[in-house]
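First comes the structure, then the notes that go with it.
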Amino acid sequence: PLSLFHPQRDKQQYDLHYAAWQAVYSSDIVVLIVDPTNKSQAKNVLIAQQLQSIRRDCTDQTHNIDIDKLVLVLNKCDLFWPHDKLQEMAKMFNDACRFDITLITSAKNWKRVDKLKGFLLAHIGSTMNESAATRYSRKWKFDNHRKTTLSRKDEMLQCVHSKIYQRCHQEVPYMIELEVEGEIEENEERMTVNIVA
């Protein structure tokens, strides 16, 4: 993956990319989500080529790589015209890497998102599919009874943060700073929290 690093990137960006690729190497399922509305797909094709080389390494017993499924998702199909070009784009990515499944989706309109969820659940030990559960079930990293170590205030901030991403359909900065303003008011039926961004 080092070939994806730009020489002018600083150490923090380098470390971020390196950590991301380390996570890829230790994943069971890798989902490449592509925005077809971007004019250039060169970087995404480069990532697909890298995934293909990782897949080849999976067959080599000397490498400790667990990837079993590669998924290609072309999102924002509702914003891309003409739609037949999406098929051409899907072929371009599948020529660069042999994906197990390719889905053309619209997360905003919930188009084919259920198919993606179904595929992922069927391959991570879900009870949806007994044979898949037997094959893919692994011990979770954290026990299901373990609670977060975050404080109540930080947990609320994380919830608000996730809601911002769910409701914003345009790209938003990753570094959104949130702060609880004042005290948390609580009664029997509801909780009131003032949060400023």
Side-chain angles (χ1 to χ4, degrees), residues 16 19-38 41 43-45 47-52 54-55 58 65-148 150 155-174 176:
L16 178 66
W21 278 105
Q22 286 298 104
V24 168
Y25 273 84
S26 60
S27 299
D28 296 323
I29 304 172
V30 176
V31 182
L32 176 60
I33 301 177
V34 174
D35 180 356
T37 61
N38 289 342
Q41 296 295 337
K43 287 183 182 178
N44 288 327
V45 170
I47 292 171
Q49 291 169 347
Q50 185 70 41
L51 290 174
Q52 181 61 27
I54 293 172
R55 168 158 268 181
C58 288
I65 302 172
D66 297 328
I67 297 174
D68 191 54
K69 297 290 179 188
L70 291 176
V71 181
L72 173 64
V73 176
L74 298 179
N75 193 29
K76 299 186 182 180
C77 68
D78 54 312
L79 302 177
F80 188 87
W81 297 97
H83 279 175
D84 57 334
K85 295 287 185 184
L86 287 170
Q87 298 293 338
E88 294 175 17
M89 190 176 292
K91 183 182 182 311
M92 176 181 72
F93 281 102
N94 277 278
D95 288 344
C97 176
R98 183 174 50 84
F99 288 95
D100 295 291
I101 184 172
T102 299
L103 293 170
I104 298 173
T105 66
S106 169
K108 182 179 178 181
N109 296 332
W110 209 250
K111 189 173 185 180
R112 296 189 195 90
V113 174
D114 55 338
K115 289 187 178 181
L116 175 61
K117 285 174 66 176
F119 180 85
L120 295 176
L121 289 172
H123 291 88
I124 57 171
S126 168
T127 53
M128 284 177 60
N129 184 331
E130 195 171 330
S131 63
T134 305
R135 182 176 174 198
Y136 291 98
S137 61
R138 294 185 177 188
K139 183 170 174 56
W140 290 96
K141 207 167 191 177
F142 302 102
D143 296 324
N144 59 0
H145 61 81
R146 188 177 295 181
K147 294 189 175 180
T148 178
L150 292 173
E155 199 173 349
M156 287 180 193
L157 291 175
Q158 288 295 326
C159 290
V160 173
H161 210 215
S162 67
K163 291 297 180 186
I164 290 172
Y165 284 113
Q166 285 177 5
R167 294 172 186 269
C168 292
H169 301 301
Q170 302 294 325
E171 291 187 16
V172 292
Y174 285 99
I176 295 177

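All values derive from a computational prediction rather than experimental measurement. Counting from 1, the numbers follow the sequence of the chain as shown.
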**OP:** If a pair satisfies ring-ring contact (aromatic ring centres under 6.0 Å, His included) and one of its residues is in residues 91-118, list it, with sequence neighbours excluded.
**Re:** none
Original post:
Under the salt bridge (Lys or Arg N to Asp or Glu O under 4.0 Å) test, which residues partner D95, sequence neighbours left out?
Top reply: K91
Rounded to the nearest 0.5 Å, what separates atom [atom1] in [X] from atom [atom2] in [Y]?
{"X": "L74", "Y": "K85", "atom1": "CG", "atom2": "NZ", "answer": "14.5 Å"}
{"X": "D114", "Y": "L121", "atom1": "CG", "atom2": "CG", "answer": "11.0 Å"}
{"X": "R112", "Y": "C77", "atom1": "CZ", "atom2": "SG", "answer": "6.0 Å"}
{"X": "C97", "Y": "R55", "atom1": "SG", "atom2": "CZ", "answer": "6.0 Å"}
{"X": "T37", "Y": "F80", "atom1": "OG1", "atom2": "CZ", "answer": "8.5 Å"}

Original post:
Considering residues at least two apart in sequence or located in another chain, which fulfil the side-chain hydrogen bond (donor to acceptor under 3.5 Å, both in side chains) criterion with K111?
Top reply: none
**OP:** Return the set of residues passing side-chain hydrogen bond (donor to acceptor under 3.5 Å, both in side chains) with Q52 (not counting sequence neighbours), or none when no residue passes.
**Re:** none
Original post:
Do N75 side-chain atoms and A107 backbone N/O form a donor-acceptor pair below 3.5 Å?
Top reply: yes
Original post:
So, D100 side chain and L70 main chain: donor-acceptor pair closer than 3.5 Å or not?
Top reply: yes
Original post:
Are any of the side-chain heavy atoms of I104 and Q87 separated by less than 4.5 Å?
Top reply: yes
Subject >> Distance-only side-chain donor-acceptor flag, T102 / N94, under 3.5 Å >> reply: yes
Original post:
Do N44 and Q41 meet the criterion of a side-chain donor-acceptor pair at a distance under 3.5 Å?
Top reply: yes
Original post:
Mind checking what makes side-chain contact (heavy atoms from CB on, under 4.5 Å) contact with Q158, not counting sequence neighbours?
Top reply: L150
Subject >> side-chain contact (heavy atoms from CB on, under 4.5 Å) partner of Q49, the single match among L51, I47, V45 >> reply: V45
